[in-house]
Amino acid sequence: MTHHVPPDVDEVIEGVVDHLLHVSYDERTVLRLTSVGDGEESITVVGKALFGAKPGESLRLCGSWSHHPRYGRQFKAERCERTVPADERAIRLYLASGMIRGIGPALAAAIVDAFREQTLNVIDTEPERLLEVHNIGEIRLGRITAAWQEQKAIAEIMMFLQQLGITPGLAVKIYTTYVDTDDDPIDIVRRNPYRLCRDVHGVGFVNADKIALAAGVPKHSEERLQAALLHELDQAGGHGHCHLPVPVLLVRTRQLLSDDDPATAEILDDAVLRQALQTLSDQGEMITETLPSNVLDGTDAVADTEIALLARYHRDETQLAWHVRRLLGSAPALADLADWDERLAGLSTAETAGLTDEQYQAICIALTRPLSVLTGGPGCGKTHTLRTLVEVAGAAGAVVALAAPTGKAAKRLEDTCGQAAMTVHRLIRSPEGDSLFDHAGVLETADLVVIDETSMLDLALARRLFAAVRKGCHLLLVGDTDQLPSVAPGRVLRDLLDVDAIPRTRLTKVFRQHDDSAAIVINAHRILRGDLPEGDPRAFWNRPVVVAEDVARRVVDLVCEIIPKHFGVRAEDVQVLCPGKKDVAGMTDLNLRLQQRLNPPADYKPQHFHGGCVFRLGDRVQQIRNNPRRGETGVFNGSSGTITAVDLEAHQLTVTFTDSEAAAYPFTDLDELVHAYALTVHRSQGSEYPYVVIPMIKSAGPMLLQRNLLYTAVTRAREGVLLIGQTEAVERAVANNRTQRRNTALTHRITHTGTAVSAPRPQTPTGQLAWS
């Protein structure tokens with residue numbers, strides 16, 4: 001292999017990945033590669049083309065040599081191809097890497113010792129010869145053979161996709177999505193690639209379109225236009241919108257599909273796109289309807305606006321509206337249970353006495369009305385109000401059920417009220433399939449249901465919750481409207497508060513001003529008023545830092561050393577909350593840095609590389625998608641836990657969550673997890689931490705530097721907040737009160753009886769619901 005070449009001349013090298021040195025937030029990867037050919041050499045390789053590479057893989061790289069002033073000679077890879085391991089060492093590393101389930105390092109060495117350079121050929125064509133190797137019996141042979149065939153199928157997909165720039169991780173996901181079906185993954189990729197948008201999480205329209213065009217699907221095909229329209233609606237849902245005005249949808253679709261080809265303009269004609277829209281509507285994948293403009297944009301306009309929304313959003317919104325009406329029209333069963341005024345007047349304990357008029361009103365409404373809302377900021381007495389409500393209702397013999405959207409929020413509610421609480425998902429026992437009328441357990445007997453942190457309730461979860469509350473049961477929603485809205489589509493709490501018929505109480509008196517953490521509450525209210533937060537030596541610290549890279553380094557020192565040493569706490573008691581995921585000092589970057597300090601690699605810690613990052617024994621992680629089938633009772637968005645086992649032979653790891661339940665994750669499903677040393681503020685909703693560190697840098701931009709985001713981050717802390725970063729970023733966030741309006745029509749569907757709102761159909765004989 002020739003080394004002395006000019007840095008601008010392309011060269012090809014081949015080798016086996018030894019280990020990853022670094023993966024940055026922008027996917028730039030640094031790894032050590034052992035070259036093959038004329039002698040072995042350990043080479044440092046850098047480049048974004050390496051993203052997703054795993055130890056043991058054989059790579060062919062095209063790039064050039066360079067010299068780093070600190071790290072020395074490096075190979076900069078511009079293109080990367082996976083190849084079949086050729087020599088004994090490459091084969092041993094490949095088998096030992098865990099790529100083939102059932103083969104670990106020791107067994108890999110034994111197999112290669114037995115068959116040398118013919119090892120892979122033996123596994124492929126004469127697998128029964130593996131029985132000659134010690135510790136391989138019939139059962140293990142069956143596992144290895146099945147795993148090898150799986151790898152071959154994945155490799156076939158990879159060979160096809162890597163020419164299109166599709167990552168190996170997505171190739172694996174495509175395979176695993178269809179492996180247990182009657183569909184051939186390769187056939188789908190070649191003949192109907194837009195199915196991947198719907199079936200495979202993470203593919204998306206851009207990747208599917210790249211595959212489709214390379215496979216010969218015409219640019220003007222109906223399938224492509226339909227996929228683009230659905231993609232834009234799905235993207236809007238990712239920003240919290242339930243619908244888009246049709247003109248906006250058509251403009252965004254044109255922007256998505258436009259290119260330099262003059263013929264493209266013809267296929268993006270308004271009439272052509274509307275025909276694709278009509279086809280989707282006829283197929284039931286999308287709904288179009290006309291609603292008054294003043295409902296949609298808050299203006300005095302009287303004209304109507306045509307909107308389009310995914311069928312599932314239409315179902316959720318219309319049926320949630322129907323259930324809100326149902327609860328509002330039901331008889332309040334608790335109203336006649338006791339003389340609530342007398343019971344409240346009889347309170348005498350120091351813990352429950354001294355209710356303000358607002359708190360008294362909130363409790364009375366919850367006990368006498370079937371549906372009500374309680375709102376208020378930090379320190380305004382929501383905790384005292386709920387504790388009193390639960391005590392009074394329980395003393396009268398009422399059954400009270402408590403829940404919150406996340407496990408941490410439920411635990412805090414439980415500690416507040418002295419009674420068991422659970423997540424909303426577990427309260428309603430809502431598996432996939434929408435069997436919403438199977439209300440086993442608590443909801444069959446509950447007289448009063450209290451849901452805390454309801455600003456987090458998205459449209460789909462709210463629909464399931466309201467559907468699960470039986471007639472006669474009271475429902476109280478508790479939340480803070482100044483916090484960030486739900487991550488998923490909808491703004492349920494605000495929309496319900498816009499319905500005049502729903503009784504509500506807003507607590508306005510601030511109580512918590514004299515304890516050590518009072519500065520958190522005071523500064524939270526300052527931020528809401530548009531004032532800059534002020535430092536306090538007991539619980540609130542401002543640390544200006546000019547350079548973004550310095551912010552990231554200081555955050556790591558604060559979490560790993562300074563705060564734990566100063567306050568005598570663990571690093572686990574300190575949570576970093578970032579405005580966004582990208583850039584230096586974003587969630588991705590800080591997770592990589594904090595993992596390296598708090599949970600560095602070690603011989604006794606098994607680990608697995610996935611999507612450019614490593615999941616290691618002991619890592620803190622968070623679930624980012626609802627999966628009712630994960631574990632015994634399901635795992636839901638926002639659940640946090642620790643990796644307590646990594647089984648390289650079984651190709652899975654185990655996460656034990658904060659509620660002590662454990663769930664197994666096959667390596668192919670690790671895109672359901674993110675590291676949780678640092679989280680975005682959105683992902684922290686409903687949680688509370690002893691200490692919170694908030695890095696603020698200007699590059700986060702106006703979409704993230706917002707007042708309600710900073711307010712939400714500050715109110716996640718119980719004992720202390722450290723705001724660190726660029727002063728201008730903090731100033732911009734406090735000044736920016738222009739929160740993005742979400743496109744919803746829930747209030748209109750509840751208040752206008754002429755709106756098409758149908759009741760859910762009864763259960764079908766199969767036990768599932770057939771929705772209209």
Can a salt bridge be assigned to the pair [X] and [Y] using a cut-off of 4.0 Å between side-chain N and carboxylate O?
X	Y	answer
E78	K48	no
D458	R491	no
R554	D550	no

Out of curiosity, [X] [atom1] to [Y] [atom2], how far, rounded to the nearest 0.5 Å?
X	Y	atom1	atom2	answer
I694	Q575	CD1	CD	11.0 Å
Q74	H68	CD	NE2	6.0 Å
L21	T29	CG	OG1	10.5 Å
R732	M696	CZ	CE	10.5 Å

>> Side chains of T656 and T644: any donor to acceptor distance under 3.5 Å?
In response: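 The answer is yes; a qualifying pair exists.
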
> Given L590, which of V693, V555, L679 fulfils the side-chain contact (heavy atoms from CB on, under 4.5 Å) condition?
Replying inline: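 Between L590 and the candidates, side-chain contact (heavy atoms from CB on, under 4.5 Å) is satisfied uniquely by V555.
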
> According to the interplanar angle, ranging from 0 to 90°, do the rings of F75 and W65 count as parallel (below 30°), tilted (30 to 60°) or perpendicular (above 60°)?
Replying inline: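 Aromatic pair F75/W65 classed perpendicular.
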
>> Take a 6.0 Å sphere around NZ of K76 and say whether it holds more than 12 heavy atoms from other residues, nucleotides or ligands.
In response: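 No - once you tally the heavy atoms of other residues, nucleotides and ligands closer than 6.0 Å, there are 12 at most.
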
> Just wondering, more than 12 heavy atoms not from H239 lying within 6.0 Å of its NE2?
Replying inline: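 No, the 6.0 Å shell around NE2 holds no more than 12 heavy atoms from other groups.
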
> Would you say L484 and V681 make side-chain contact, with heavy atoms under 4.5 Å?
Replying inline: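 Yes, at least one pair of side-chain atoms sits under 4.5 Å.
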
> Under a 4.5 Å cut-off applied to non-hydrogen side-chain atoms, are R616 and Q595 in contact?
Replying inline: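 The answer is yes, as the side chains (C-beta and beyond) meet within the 4.5 Å cut-off.
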
> Is the H675-F615 ring centre distance short of 6.0 angstrom?
Replying inline: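 Yes.
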
>> Going by salt bridge (Lys or Arg N to Asp or Glu O under 4.0 Å), name the pairs with one or both residues in residues 674-684, residues two or more places apart or in two chains.
In response: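 Every pair satisfying salt bridge (Lys or Arg N to Asp or Glu O under 4.0 Å) with a residue in residues 674-684: there are none.
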
> According to the salt bridge (Lys or Arg N to Asp or Glu O under 4.0 Å) rule, which pairs have a member within residues 555-568, sequence neighbours left out?
Replying inline: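 Those involving residues 555-568 are D557-R597, E561-R597.
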
> What pairs meet the ring-ring contact (aromatic ring centres under 6.0 Å, His included) rule with one or both residues in residues 565-594, with sequence neighbours excluded?
Replying inline: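 For residues 565-594, and leaving out neighbouring residues, the ring-ring contact (aromatic ring centres under 6.0 Å, His included) pairs sorted by first residue read W541-F567, F567-Y691.
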
>> Under 6.0 Å from the ring centre and within 45 degrees of the ring axis: does the NZ or CZ of R718 meet both conditions for the six-membered ring of Y689?
In response: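 The answer is no; the distance or angle limit is not met.
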
